[in-house]
Protein chains: 2
Amino acid sequence: MENFDALEALKSYIRFPSVSTDSKFLDGMDNAREYISSILEGIGFNVQIVSTECHPIIYAERFINKDYPHIVLYGHYDVQPADPLGLWKSEAFEPVIKDGRIYGRGSADNKGPTIVHIAAIIKAFKQNANLPLNITYVIEGEEEMGSPSMPKFFDKYYERISRADLMFVSDTGSPNTNQIVITTALRGLVELEVKLKGPQGDLHSGIHGGAVINPLHVLSEIIASLHNKDGSVNIPGFYHGIQEIEPWELNELKQYPLDVDAYKAMLCVEDLHSPRGFSPLEAVRFEPSLEVNGMGGGYQGEGTKTIIPSQAFAKITCRLVSGQESARIQDLVLNALEDRCPSGVQLEVRRGCHANAYSIVPPHKSCTKQGSKVLEKAFKFTDTAIEKHFYKKPLYLREGGSIPVIADFKHRTGLDAIMVGLFTPQDNLHAPNESFDIKLMYQAIDVFSDIFLSFSDI
Amino acid sequence: MENFDALEALKSYIRFPSVSTDSKFLDGMDNAREYISSILEGIGFNVQIVSTECHPIIYAERFINKDYPHIVLYGHYDVQPADPLGLWKSEAFEPVIKDGRIYGRGSADNKGPTIVHIAAIIKAFKQNANLPLNITYVIEGEEEMGSPSMPKFFDKYYERISRADLMFVSDTGSPNTNQIVITTALRGLVELEVKLKGPQGDLHSGIHGGAVINPLHVLSEIIASLHNKDGSVNIPGFYHGIQEIEPWELNELKQYPLDVDAYKAMLCVEDLHSPRGFSPLEAVRFEPSLEVNGMGGGYQGEGTKTIIPSQAFAKITCRLVSGQESARIQDLVLNALEDRCPSGVQLEVRRGCHANAYSIVPPHKSCTKQGSKVLEKAFKFTDTAIEKHFYKKPLYLREGGSIPVIADFKHRTGLDAIMVGLFTPQDNLHAPNESFDIKLMYQAIDVFSDIFLSFSDI
């Protein structure tokens with residue numbers, strides 16, 4: 001790996017169409033996995049391909065001495081589907097470089113950051129071939145499917161993973177290429193699917209309109225009842241026990257380089273609405289939320305079809321913050337839905353997944369918990385390296401999104417994660433024309449190389 | 001036409017797949033039209049095929065003497081699409097006779113009743129070849145499309161149609177094969193299509209959830225606001241000016257051979273909900289209604305997609321009763337939708353069609369208006385013939401459905417309609433396995449033959 005070229009490696013990696021949710025791409029999955037495995041082998045890792053019920057997990061170790069610090073690097077080799085293909089300006093799986101960015105599905109999520117970690121290791125090893133650091137790689141192939149095989153994996157690899165000191169993850173965002181964010185919390189997630197059944201079949205809305213309860217009316221009433229006028233969630237107990245916001249968190253957010261007007265412009269909306277007196281930028285980080293992600297019923301085609309629909313559905317997800325217990329929140333929402341359903345329609349609620357929020361407090365904050373010395377030092381190394389290569393200290397901020405596997409790592413193996421955000425809003429994650437900033441990639445390689453090398457000072 | 005066999009004629013007529021809304025069936029439309037035209041020519045009608053922007057109208061006259069009574073027979077030769085084909089127990093366009101019913105798309109709506117009228121004319125002519133009755137046939141090919149060509153047709157044929165005394169229509173229902181209903185009112189119709197636009201594209205519900213107004217939440221609130229707790233429509237002015245219910249109407253309804261429990265069982269619902277203290281069977285006849293016929297937005301597929309959808313839509317129709325002005329009601333609903341839309345989303349409302357209710361009061365009722373003597377006699381002939389052949393007097397009832405072209409006939413040519421209901425709930429109109437009762441067909445032929453012959457007594 002003398003001449004490892006990070007950009008060329010990322011290009012090759014993007015060319016393997018590793019879409020986990022579509023069996024047409026099984027070859028792409030196999031090839032992407034083999035590509036990364038062979039690189040890791042090439043730089044001295046002991047690579048195991050851990051089979052699962054679906055896509056295997058790459059588990060790779062460089063274990064030198066149990067007295068050395070030990071880090072886990074988590075990533076995923078699967079990517080989102082590229083659909084809708086018609087909106088791509090270049091081929092989704094043929095990387096194109098333009099204006100300092102590399103375009104292609106997975107370039108940012110999560111192939112770019114994986115290449116960053118690998119290139120940083122290679123760079124660090126060049127400076128110190130005997131780097132006193134144990135490294136374990138966990139690169140799964142089902143992240144875009146919700147990581148269904150990870151619980152079994154944690155059971156099987158508990159001992160080997162739990163002896164590590166911490167984990168690095170780069171699967172979160174920063175506001176722009178100058179201001180890196182270290183994510184201190186991820187929101188939890190609760191999924192529910194609601195079906196309302198009225199008459200056995202669609203009814204003629206002329207002949208029966210006025211006598212029969214319309215499932216779409218009932219569903220609208222129930223959905224409308226789930227929020228209060230101030231935008232807060234109208235479910236008793238929903239906010240119970242949530243973690244206080246610390247002054248240092250508000251201070252960090254004050255330095256966030258995006259104001260409400262810029263946020264509005266970014267989203268192309270005229271107005272933002274956030275609950276309970278929180279500003280929009282606070283709300284997405286500090287507050288739980290409930291959103292209807294999809295809803296429907298009755299005639300969906302062009303023009304008019306005069307029916308009372310037989311059914312209606314809604315897909316609901318909640319985002320949770322620390323202190324909310326996801327199983328309990330799922331119960332509360334389910335109970336509210338059932339309580340608010342009148343007679344004449346049948347309510348069916350399917351519980352989807354639920355996952356708690358994850359949070360980690362960096363050292364020396366008002367609410368820092370007692371953690372390992374290695375973790376504390378790792379934060380310091382990360383902070384220093386980012387300031388050196390990005391010319392600015394990182395911001396420590398909660399993020400609105402969810403990566404349930406991170407909370408699961410913590411819950412099942414005890415590992416905490418330092419999440420260095422390498423995505424920017426320009427990356428178009430999960431959307432057409434996904435891309436990754438090339439300058440940021442090289443800066444991030446320098447950051448992680450410095451972090452890894454710093455462990456020799458422990 | 002010596003040996004006209006009504007059942008064989010209906011079989012042949014059903015075999016022409018005359019689906020007006022699907023251009024694949026243009027041949028079926030042509031053949032169905034030619035089939036009926038040639039029968040009418042064969043029994044002495046002067047047939048004109050009136051071209052329109054889409055499907056031609058059959059206009060046929062037997063005009064003998066301007067001093068004779070003159071009736072119009074309205075019907076339509078187009079049928080609903082047969083979809084979903086998989087739910088048919090026999091071929092949709094190949095008639096099958098089973099248990100006293102003839103199955104096939106259009107068997108009831110409206111091919112059976114058209115054959116009834118024709119067979120009755122043939123039968124009447126056999127008894128009285130010189131029947132002193134002018135007859136005009138109007139059989140359109142766009143009823144299932146909302147009769148878009150009829151207004152131009154009325155303009156062009158105004159003089160020839162407006163000189164008639166009344167119209168017979170058999171495009172309405174009766175509760176069973178023993179109890180014929182003469183429909184005294186059809187509800188009007190107002191269509192509106194609502195689109196709500198939020199962010200320009202779907203947003204990640206984790207990253208932005210809690211800051212951005214969700215179009216599905218807003219739409220649910222607006223839809224929920226359109227009804228009061230008692231089921232009435234919550235739009236100021238909606239009920240203004242509606243026609244009083246007469247005691248004789250309630251008396252007729254008391255004789256309706258279906259109670260609320262049987263109605264529930266028929267619709268397979270546990271509970272019925274009707275507004276403002278009306279019983280369900282009253283509500284569908286005497287009350288206006290507002291129904292959401294279709295609604296949707298966001299993710300519609302399996303599982304979960306954690307987005308805040310960019311758009312949401314709803315398709316709304318109102319059914320109106322006499323006294324409500326349809327253009328005004330459309331305005332009221334539109335204004336309510338606009339008034340109830342918060343900032344942060346954009347509301348677009350498309351006005352669809354609007355049509356007033358139609359009503360006709362039979363002679364000697366508390367609210368009978370001065371009408372033509374011929375109309376009054378026609379009601380008497382109809383009443384007598386139905387009692388003779390069905391062994392029961394007809395009931396005079398309003399119906400919940402809408403046939404906008406009937407109100408249009410009245411509005412544009414002055415003609416009132418005697419609507420003898422030949423459909424029963426078993427007919428599966430607009431649904432798979434449509435059928436028509438064969439015994440009822442023959443009884444109805446006798447009824448109409450008697451009615452036509454009675455005109456010689458005027």
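In what follows, every chain begins at residue 1, and chains take the letters A, B, ... in the order their sequences are listed.
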Taking the side chain as everything from C-beta on, heavy atoms only, tell me whether [X] gets closer than 4.5 Å to [Y].
| X | Y | result |
| --- | --- | --- |
| B/Glu291 | A/Thr306 | no |
| A/Pro309 | B/Asn293 | no |
| A/Ser220 | B/Met295 | yes |
| B/Leu267 | A/Val212 | yes |

Options [options], ranked by heavy-atom pairs under 4.5 Å with chain B, top entry:
| options | answer |
| --- | --- |
| A/Gly296, A/Ala224, A/Gly210, A/Pro199 | A/Gly210 |
| A/Ile223, A/Leu186, A/Ile213 | A/Ile213 |
| A/Gly298, A/Ser402, A/Pro342, A/Gly294 | A/Gly294 |
| A/Gly303, A/Gly352, A/Gly231, A/Gly198 | A/Gly303 |
| A/Cys268, A/Pro215, A/Ala283 | A/Cys268 |

Check each atom of [X] against the heavy atoms of chain A and say whether the ones under 4.5 Å are side chain, backbone, both or neither.
| X | value |
| --- | --- |
| B/Ser205 | both |
| B/Val284 | both |
| B/Glu221 | both |
| B/Met266 | side chain |
| B/Glu282 | neither |

Within the supplied structure, the quantity of interest is the number of heavy atoms (other residues, nucleotides, ligands) at a distance under 6.0 Å from [X] [atom1]; does it exceed 12?
| X | atom1 | result |
| --- | --- | --- |
| A/Gln300 | CD | yes |
| B/Gln426 | CD | yes |
| B/Lys305 | NZ | no |
| B/Lys264 | NZ | yes |

Sort by residue number and list every member of residues 271-278 of chain B having a non-hydrogen atom under 4.5 Å from chain A.
B/Asp271, B/Leu272, B/His273, B/Ser274, B/Pro275
Who wins among [options] for the most heavy-atom pairs under 4.5 Å with chain A?
| options | value |
| --- | --- |
| B/His430, B/Gln200, B/Glu270 | B/Gln200 |
| B/Gly297, B/Pro288, B/Ser232 | B/Gly297 |
| B/Thr317, B/Ile307, B/Val269 | B/Ile307 |

How long is the gap from CG on A/Leu216 to CD1 on B/Ile316, to the nearest 0.5 Å?
10.5 Å
Under the rule for salt bridge (Lys or Arg N to Asp or Glu O under 4.0 Å), what residues qualify as partners of B/Asp427, not counting sequence neighbours?
B/Arg101
Under the rule for salt bridge (Lys or Arg N to Asp or Glu O under 4.0 Å), what residues qualify as partners of A/Glu193, not counting sequence neighbours?
A/Lys315, A/Arg350
What's the shortest heavy-atom distance between B/Tyr299 and A/Phe313, and which atoms?
O-CE1, 4.1 Å
A/His217 versus B/Leu290, closest heavy-atom pair with distance:
CE1-O, 3.2 Å
Look at the side chain of B/Arg187 and the backbone N and O of A/Gly209, then say whether any donor-acceptor pair between them is shorter than 3.5 Å.
yes
Side chain, backbone, both or neither: which part of A/Ser289 has a non-hydrogen atom closer than 4.5 Å to chain B?
side chain
Those residues at least two apart in sequence (or on a different chain) that pass ring-ring contact (aromatic ring centres under 6.0 Å, His included) with A/Tyr263 are B/His208
